Amino acid sequence: MSNRLSGSTPRQQSQTHQIELAFEDNKLVAQLYGNFDQNIALIEQRLDLRITPRGNHVLINGPAGAVDQARRVLESLYAQLEEGRAVEIGDVDAIIRMIETDDSQLTLPTMEGAGKVRMAQIATRKSVVVARSPAQDAYMRAMDRNDLTFGVGPAGTGKTYLAVAYASSLLERGDVSRIILSRPAVEAGERLGFLPGDMKEKVDPYLRPLYDALYDMLQPEVLERYMESNIIEVAPLAFMRGRTLSNAAIILDEAQNTTSMQMKMFLTRMGQYSKMIVTGDPSQIDLPRGMRSGLVEALDLLGGIEGIHISRFTDRDVVRHPLVSRIVKAYEGGKPAASAPEGSA
């Protein structure tokens, strides 16, 4: 792969700029461009420039900064293909997000030689999960480097999904011997006692997002065997008191609905050779009015302690449908949605 710079002087570099990239493998180039050049189209749209594919050559025209960003996006994606990993539209979006983020805003290093970007990955036998935003990238690396990690932010940012993926990878590698899943049973004012069935049946609806993620990471028969043998254990938060959880990956989801005492109790369950991941959204607290969230308190008390990392997500990190990001922003007091025309349904 090579690139050639043309038609620019220092004075012109803030204006129109052009470079030409050449990629060696024609088969990889087809995957790089995407079906009907969809990957190229997304880069053009997001970076507001013009990309012209000509066989295995690409001409990039636009402002100097955007041209350099497009170069790094294409070179990073091509390097991913050279490693044997397919490129999907989500990978293109992720690399663009990363390159658009100023280096000073990246909480952990992610850049490799020649300005290429290598997103963090979590691999299990069934699936490989790749970071889709700078915040996800930092979160995934932080879980690997710290014994206690908080993932805090709005819905759709991947906090819980990535925590389950990481726990599953630890279990498959033999780095832990079990996974403990917990969640406070406070949902929009409902209580477990009003639900039918035994304790597992009462708790299962609250743990559904965790189960869904587990099924993406592990084969169904393996997951069922792990559940039956308590290698993967569902532990209602109220029943965690008095336990010491060693050699385990421990996940507390929806932690914004813990009380101060519950959060302290949970955090002090950590035993030797364990990893603990706490996820939650402080904007969606369902506790009784006037009761302080244990998550909010923990974030205030524990920031800066060695071995503890707090990853914070915003609406910019939402990786679900694009509307989810706009909805989150609207509820957080951002720009209101435009009013419907008079007489519309």
Side-chain angles (χ1 to χ4, degrees), residues 76 90-91 93-112 117-124 127-171 173 175-176 179-183 209-210 212-214 216-217 249-256 263 266-267 270 274-284 295-296 298-299 302-320 324-325 328:
S76 298
D91 298 306
D93 177 72
I95 296 293
I96 294 172
R97 288 187 191 218
M98 183 67 70
I99 285 175
E100 285 182 323
T101 303
D102 187 83
D103 288 354
S104 64
Q105 297 177 18
L106 298 175
T107 56
L108 292 169
T110 58
M111 310 306 253
E112 296 197 345
V117 175
R118 182 180 177 85
M119 306 297 283
Q121 299 179 44
I122 297 172
T124 67
S127 180
V128 176
V129 181
V130 181
R132 292 288 190 232
S133 73
Q136 281 196 0
D137 186 273
Y139 181 50
M140 292 162 73
R141 296 173 191 270
M143 287 189 288
D144 214 34
R145 300 177 187 185
N146 298 274
D147 289 337
L148 172 57
T149 304
F150 288 85
V152 184
T157 51
K159 309 178 301 294
T160 300
Y161 189 85
L162 294 176
V164 173
Y166 181 65
S168 300
S169 71
L170 292 178
L171 183 63
R173 296 201 306 259
D175 292 343
V176 299
I179 296 174
I180 312 293
L181 306 175
S182 190
R183 205 177 190 192
L210 303 178
D212 290 344
L214 283 169
D216 281 352
M217 299 302 126
I250 312 150
I251 298 172
L252 175 61
D253 190 34
E254 296 291 338
Q256 74 274 5
M263 178 60 77
F266 177 81
L267 295 177
M270 181 186 289
S274 286
K275 292 270 191 177
M276 185 173 279
I277 306 159
V278 178
T279 67
D281 179 0
S283 71
Q284 297 192 40
L295 175 62
V296 173
L299 296 176
L302 303 180
I305 295 178
E306 185 177 356
I308 299 176
H309 181 87
I310 299 174
S311 288
R312 298 183 185 273
F313 297 82
T314 70
D315 59 271
R316 294 189 301 273
D317 301 303
V318 171
V319 291
R320 291 179 183 168
V324 175
S325 178
V328 169

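As the structure is a prediction and not an experimental result, all values here were calculated from the model.
Under the rule for a side chain to side chain contact (heavy atoms under 4.5 Å, CB included), the partners of Ala167 that lie at least two apart in sequence or sit in another chain are Ile179, Ala249, Ile251. Residues forming a side chain to side chain donor-acceptor pair (under 3.5 Å) with Asp175 (at least two apart in sequence, or on another chain): Arg173. Under the rule for a side chain to side chain contact (heavy atoms under 4.5 Å, CB included), the partners of Thr124 that lie at least two apart in sequence or sit in another chain are Lys126, Ser127, Ser168, Ser169, Glu172, Met217. Partners of Gln121 by side chain to side chain donor-acceptor pair (under 3.5 Å), not counting sequence neighbours: none found. Partners of Ala94 under the side chain to side chain contact (heavy atoms under 4.5 Å, CB included) rule, at least two apart in sequence or in another chain, are Met119, Arg132. Every residue two or more places apart in sequence or in another chain was checked for a ring pair (Phe, Tyr, Trp, His ring centres under 6.0 Å) with Tyr166, and none qualifies.
Atom CG of Asp147 is separated from atom OG of Ser274 by 8.5 Å, given to the nearest 0.5 angstrom. Rounded to the nearest 0.5 Å, atoms CD1 (Ile277) and CG (Leu148) are 9.5 Å apart. The line from CZ of Arg141 to OG1 of Thr149 is 14.0 Å long, rounded to the nearest 0.5 Å. The structure places CD1 of Ile180 at 9.5 Å from CE of Met276, a figure rounded to the nearest 0.5 Å.
Between Ala123 and Val128, the shortest heavy-atom distance links the atoms CB-CG2, 4.1 Å. Nearest heavy atoms, Asp281 versus Ala155: OD2-N, 3.9 Å. Taking all atoms of both residues into account, the shortest heavy-atom contact from Pro134 to Arg97 is CG-O, 3.6 Å. The shortest non-hydrogen separation linking Pro154 to Phe313 is CD-O, 3.4 Å.
Looking at Val278 and Phe266, their side chains come closer than 4.5 Å, going by heavy atoms from C-beta outward. With a 4.5 Å cut-off on side-chain heavy atoms, Leu267 and Leu252 do not count as touching. Annotation: side chain of Thr160 is in contact with side chain of Leu210 (closest heavy-atom distance under 4.5 Å). The shortest distance between side-chain heavy atoms of Lys159 and Val152 does not fall below 4.5 Å. At least one side-chain heavy atom of Lys275 sits less than 4.5 Å from a side-chain heavy atom of Leu170. Between Met140 and Ile122, the closest side-chain pair of non-hydrogen atoms falls below 4.5 Å. For the pair Phe150/Arg312, no side-chain contact is recorded, criterion being any heavy-atom separation below 4.5 Å from C-beta on. Using a 4.5 Å cut-off on side-chain heavy atoms (C-beta onward), Asp253 and Leu181 make no contact.
The backbone N or O of Thr314 lies less than 3.5 Å from a partner atom in the side chain of Asp317, making a donor-acceptor pair. For Asp137 (side chain) and Ser133 (main-chain N/O), no donor-acceptor pair under 3.5 Å exists by modelled atom type. When atom types are taken as modelled, the side chain of Glu254 and the backbone of Thr279 share no donor-acceptor pair closer than 3.5 angstrom. With hydrogens and angles disregarded, no donor-acceptor distance shorter than 3.5 Å links the side chain of Gln256 to the backbone of Leu295.
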What's the verdict on side-chain hydrogen bond (donor to acceptor under 3.5 Å, both in side chains) for Tyr161 and Asp216, showing C-alpha distance, side-chain angles and the deciding distance? CA-CA 9 Å; Tyr161 189 85; Asp216 281 352; 3.0 Å; yes

